[in-house]
*Asks:* 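Below is the structure I would like to discuss, written out as structure tokens.
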Amino acid sequence: MDSKYASIGREKPKITNDLTVKRLKLCVNNANTKKDKEQTTNGATNNNKLENNFPKENTEDLKEARKSLPVYLVRTRIIEEIKKHDTMILIGETGSGKTTQIPQLIHEYRLEGKSCVAVTQPRRVAAITLALRVAAEMNTDIGSIVGYSVRFEDVTSPRTKVKYLTDGMLLREAVTDPLLKKYSIIVLDEAHERTVNTDVLFGIVKLAQKERNGQKQNPLKVIVMSATMDVDSFRKYYDNCPVIYLEGRTYPVTIYHSKIKHEDYQYAAICTIFQLHTTTPANEDFLVFLTGQEEIETVMSNIKQIAKETVGPQIRVCPLYAGLPAAKQLLVWKKTPPGMRKIVLATNIAEASVTIPEIRYVIDTGVVKERTWCTRTGAERLSVVPCSQAASWQRAGRAGRTAAGASYRLYTATDFKCRRQHNIPEIVRCPLTSTVLMLIATGLDPGTFPLIDTPPKDSIHAALLLLKELGAVDNESNPKLTVLGKKMTAFPIDPKYAKILLCAPEYGCLEEALSLVAVMSSENVFHTPLHKREDALKVKQKFISPLGDHITLLNVYRAFCKAPLKKQWCRENYLNHKNLSYAFDVRQQLLLVCQRLNLAVSSCGNATDQLLKCLLSGLFTNCAWSRAGGRYVTSAGAAASLHPSSVLHGRSANPALVYTELLHTQRSFLINVSVVQPQWLQQVAPEYARRCRSNR
DNA sequence: TAGGGTTTT
């Protein structure tokens, strides 16, 4: 189609192994009806409440749809395998129906016995929609035989036999019941995503299974399900358990690689967009993978500009990234009128989290923003890096959901071959404070806990050190939970934030601390579009506190609670309604935990000093001291500047600050910062203050 | 002095 590209035809990720695995060969024609689609995500938003649209479909239609799924044809074989083995890996491509059908099959054959089968998902929307779908297919009410459990919502009953839940929920359950005795079969789905939660669950179920099966009572079966996956390492981890492959059912996607190396992938993307735009029918939509909000906004305005001067069909450009308000995200799913092309500019949110129908062409820049972490300074780094081969395949797959499509990779085939096969598992590159605390609370030793990929040693050590400093554990070498630590595990938030809440009664500010911690536990509540920065900044003025971002956030949250028309109010104030609503739900949940722990919920009124001292009692490791030229240095000795989004940015320097986050992009920035009195540190964390004095 | 990918409890 284009001389810039070399066609390679349809390629599939090759699963190379010389293992003796069972391979179930399936030959099924391509899907051709909409109802056949595996509905794993509802796409639009992360709203807490989702309507169950599935029962409106005719039950007979649903039955027919089930029968046409690849997994249905080999159901008896699969059941036999599950009966025979305690652990099994099941590789099923998109459209195989594994996630909706296997749990149903298990129940139809009553393999779960008197207890229940759990199916985990990394994302809550997926857990909810899958449960709704399966309940509809089984012609039963949600919450009876089929249920789901996600944060803020438990739709299950004692009758529930098939339970979809997020990885995070099952991990929480493991703290109080490490053997997970409620379940006879646990299905860990989307294993290839390798989130921290899934990786930790692998170990938890492995240990639980060993213990339960050793006792020969109430044995546990484990099924690991995934798209393409690093089979060798998984299989080794699970003691050479059998692997079963299920063929998928999607449309073919032709892969094109660039013949030349592009210096500027944004420019290359725009060129490719317009070459395709002028040569393909208008009803065929594009999906372009970019790295972030700013890039998306830049490319968007470029496209709009060029479109004015180019002949061809009309264009609607739709941005899509997590921080985009839900109402604007919805445009992505809105059909364009005939003769108009939709071009979706998305971050990797469109790789797995949401599904956009009708995409025919994927333009893959081959880059992704990845977060890594420096154990020494606690700084997080966001850098643009080449994505893995697995991510490229995932991106390409987005073009083959409803018809045959193509993926244009803006990098060469050689480049592709040199890339790592899989993403680096999150557990290897993230702070592990919460995870380590959770493991200790579950009675497990973080030093010997079995993980597929081991995090760097200093990463676990840094977590233990911080937990010791927070007073959650008694020592670092053989850590035992303290009374405070035990209370901290009751809160589903970062241990530092839990410490803030637990200290709040001392400062008489739990009311305020709850609101502040709830907002800090949510995503950014400010939405600042590139071209409306000045407007957004202007309306932000009324919330600003000279004491810094934390009190400003508190002001925003309070105003949000008082606003009668919240959505409209958020729109007018450049605030993210979804994230503020989420903070509201989190606050309610945290309040319940506080009440259970008999913490006195009182307000400090206008005594903001009290609240800031309280904040410091959890964040005392996050102090920065003023240096010449508006620069700061953190307790760990890292040089950093105020992030331009801070309300303190551009104001006169303060001797001491507390910050929520240290982020390294082009430079190191302190994000969400407040003014504190230097002597407070001595008061709230004397031991720590003594140790880090050298850096001041 | 200038800018935060994506999830989850």
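Values reported hereafter were calculated over all heavy atoms of this structure, with side chains retained and with hydrogens, waters and symmetry mates removed.
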*Asks:* State which residues pass ring pair (Phe, Tyr, Trp, His ring centres under 6.0 Å) with A:Phe449; sequence neighbours excluded, sorted by chain then number.
*Replies:*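 For A:Phe449, no residue satisfies ring pair (Phe, Tyr, Trp, His ring centres under 6.0 Å) once neighbours in sequence are set aside.
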*Asks:* Separation of A:Leu171 atom CG from B:dT8 atom C1', in whole Å?
*Replies:*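 Computing the A:Leu171:CG to B:dT8:C1' distance gives 9 Å.
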*Asks:* Between A:Leu501 (CG) and B:dT9 (P), how many Å, whole number?
*Replies:*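 So the CG-P distance, A:Leu501 to B:dT9, works out to 18 Å.
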*Asks:* Before giving the answer on side chain to side chain contact (heavy atoms under 4.5 Å, CB included), spell out for A:Leu320 and A:Leu345 the whole-Å C-alpha distance, their side-chain angles and the decisive distance to 0.1 Å.
*Replies:* CA-CA 6 Å; A:Leu320 181 66; A:Leu345 308 179; over 6 Å; no
*Asks:* What is the distance, rounded to the nearest whole Å, between atom CD1 of A:Ile671 and atom C1' of B:dG4?
*Replies:*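 My rounded result for the distance is 5 Å.
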*Asks:* Select base, sugar-phosphate, or nothing to describe what A:Gly650 touches, counting heavy atoms under 4.0 Å on all strands.
*Replies:*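 Counting heavy atoms under 4.0 Å across all strands, the contact made by A:Gly650 includes a base.
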*Asks:* Nearest to the side chain of A:Glu426 - B:dG4, B:dT9, B:dT6?
*Replies:*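 Nucleotide nearest to A:Glu426's side chain: B:dT6.
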*Asks:* A:Ile128 has an atom CD1; how far is it from atom P of B:dT7, in whole Å?
*Replies:*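 Rounded to the whole Å, the gap is 14 Å.
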*Asks:* Where along residues 655-666 of chain A does a heavy atom come under 4.0 Å from DNA chain B, residue by residue in number order?
*Replies:*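 The answer is A:Leu663, A:Thr665.
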*Asks:* Within the side chain of A:Asn423, is there an N or O that forms a donor-acceptor pair under 3.5 Å with the backbone of A:Pro425?
*Replies:*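 No.
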*Asks:* Identify, between A:Gly323 and A:Phe669, the residue whose nearest nucleotide on DNA chain B lies closer to the 5' end.
*Replies:*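 This one resolves to A:Phe669.
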*Asks:* Side-chain contact test, heavy atoms from C-beta onward, threshold under 4.5 Å: evaluate it for A:Ile296 versus A:Gln293 and give yes or no.
*Replies:*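 No, their side chains stay 4.5 Å or more apart.
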*Asks:* Classify the nucleic acid contact of A:Val586 as base, sugar-phosphate or nothing, counting any heavy atom under 4.0 Å across all strands shown.
*Replies:*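 The answer is nothing, as A:Val586 stays clear of every strand by at least 4.0 Å.
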*Asks:* Any salt bridge between A:Glu297 and A:Arg533, counting N to O under 4.0 Å?
*Replies:*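 So A:Glu297 does not pair with A:Arg533 through a salt bridge.
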*Asks:* Under 4.0 angstrom, heavy atoms only, what part of the nucleic acid is A:Glu523 near: base, sugar-phosphate, or nothing?
*Replies:*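 Touches a base.
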*Asks:* So do the side chains of A:Leu663 and A:Ser668 get within less than 4.5 Å of each other, counting heavy atoms only?
*Replies:*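 No, every pair of side-chain atoms sits at 4.5 Å or beyond.
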*Asks:* Any idea which of B:dT6, B:dT9, B:dA2 is nearest the A:His649 side chain?
*Replies:*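 So the nucleotide nearest the side chain must be B:dA2.
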*Asks:* Name the closest nucleotide to the A:Ser353 side chain, picking from B:dT7, B:dT9, B:dG5.
*Replies:*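 Given the options B:dT7, B:dT9, B:dG5, the side chain of A:Ser353 is closest to B:dT7.
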*Asks:* Would you mind telling me which of B:dG4, B:dT8, B:dG3 lies closest to the side-chain atoms of A:Thr166?
*Replies:*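 Taking heavy atoms from C-beta onward, the closest nucleotide is B:dT8.
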*Asks:* Please say which of A:Asp364, A:Val288, A:Asp264, A:Ile363 ends up in a side chain to side chain contact (heavy atoms under 4.5 Å, CB included) with A:Leu410.
*Replies:*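 Between A:Leu410 and the candidates, side chain to side chain contact (heavy atoms under 4.5 Å, CB included) is satisfied uniquely by A:Ile363.
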*Asks:* Near DNA chain B, which residues from residues 524-533 of chain A have a heavy atom under 4.0 Å away?
*Replies:*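 Those residues are A:Asn524, A:Arg533.
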*Asks:* Report the glycosidic orientation of B:dG4: syn if within 90° of 0, anti in every other case.
*Replies:*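 In terms of base orientation relative to the sugar, B:dG4 is syn.
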*Asks:* For A:Tyr321, which contact category applies under a 4.0 Å heavy-atom criterion: base, sugar-phosphate, or nothing?
*Replies:*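 Here A:Tyr321 touches the backbone only, sparing every base.
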*Asks:* Just checking A:Thr195: base, sugar-phosphate only, or nothing, at a heavy-atom cut-off of under 4.0 Å?
*Replies:*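 No contact at all - A:Thr195 keeps every heavy atom at 4.0 Å or more from the nucleic acid.
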*Asks:* In whole Å, I'd like the distance from the CH2 atom of A:Trp373 to the P atom of B:dT6.
*Replies:*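 My rounded result for the distance is 22 Å.
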*Asks:* Which class fits the ring pair A:Phe669 and A:His643: parallel under 30°, tilted 30 to 60°, perpendicular over 60°?
*Replies:*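 Aromatic pair A:Phe669/A:His643 classed perpendicular.
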*Asks:* So, A:Ser641 versus A:Arg667: side-chain donor-acceptor pair below 3.5 Å or not?
*Replies:*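 Distance-only check passes for A:Ser641 and A:Arg667.
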*Asks:* What's the closest nucleotide to the side chain of A:Arg123 if the choices are B:dG3, B:dT7, B:dA2?
*Replies:*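 Nearest to the side-chain atoms of A:Arg123, counting from C-beta on, is B:dT7.
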*Asks:* Between atom CZ in A:Phe152 and atom P in B:dT9, what is the gap in whole Å?
*Replies:*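 Computing the A:Phe152:CZ to B:dT9:P distance gives 7 Å.
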*Asks:* A:Arg667 side chain N/O closer than 4.0 Å to the phosphate oxygens (OP1, OP2) of B:dA2?
*Replies:*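 Looking at the OP1 and OP2 atoms of B:dA2, one of them is under 4.0 Å from a side-chain N or O of A:Arg667.
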*Asks:* Of all the choices, B:dT9, B:dG3, B:dT6, which nucleotide is nearest to the side chain of A:Thr347 once you look at every atom?
*Replies:*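 Nearest to the side chain of A:Thr347 among the choices is B:dT6.
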*Asks:* For A:Gln293 and B:dG5, give me the distance from atom CD to atom P, rounded to whole Å.
*Replies:*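 Checked: the CD to P distance equals 7 Å.
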*Asks:* Would A:Thr489 and A:Met438 count as a side chain to side chain contact (heavy atoms under 4.5 Å, CB included) here? Give the steps.
*Replies:* CA-CA 7 Å; A:Thr489 60; A:Met438 205 280 309; over 6 Å; no
*Asks:* Considering all heavy atoms of both residues, which atom of A:Val647 and which atom of A:Asp549 are nearest to each other, and what is their separation?
*Replies:*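 The pair with the smallest heavy-atom distance is N-OD1, 2.8 Å.
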*Asks:* Look at A:Ser645 and B:dG4 and indicate whether a side-chain polar atom (N or O) is within less than 4.0 Å of OP1 or OP2.
*Replies:*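 No.
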*Asks:* Whole-Å distance between B:dG3 P and A:Ile296 CD1?
*Replies:*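 Atom-to-atom, A:Ile296 to B:dG3, this comes out as 18 Å.
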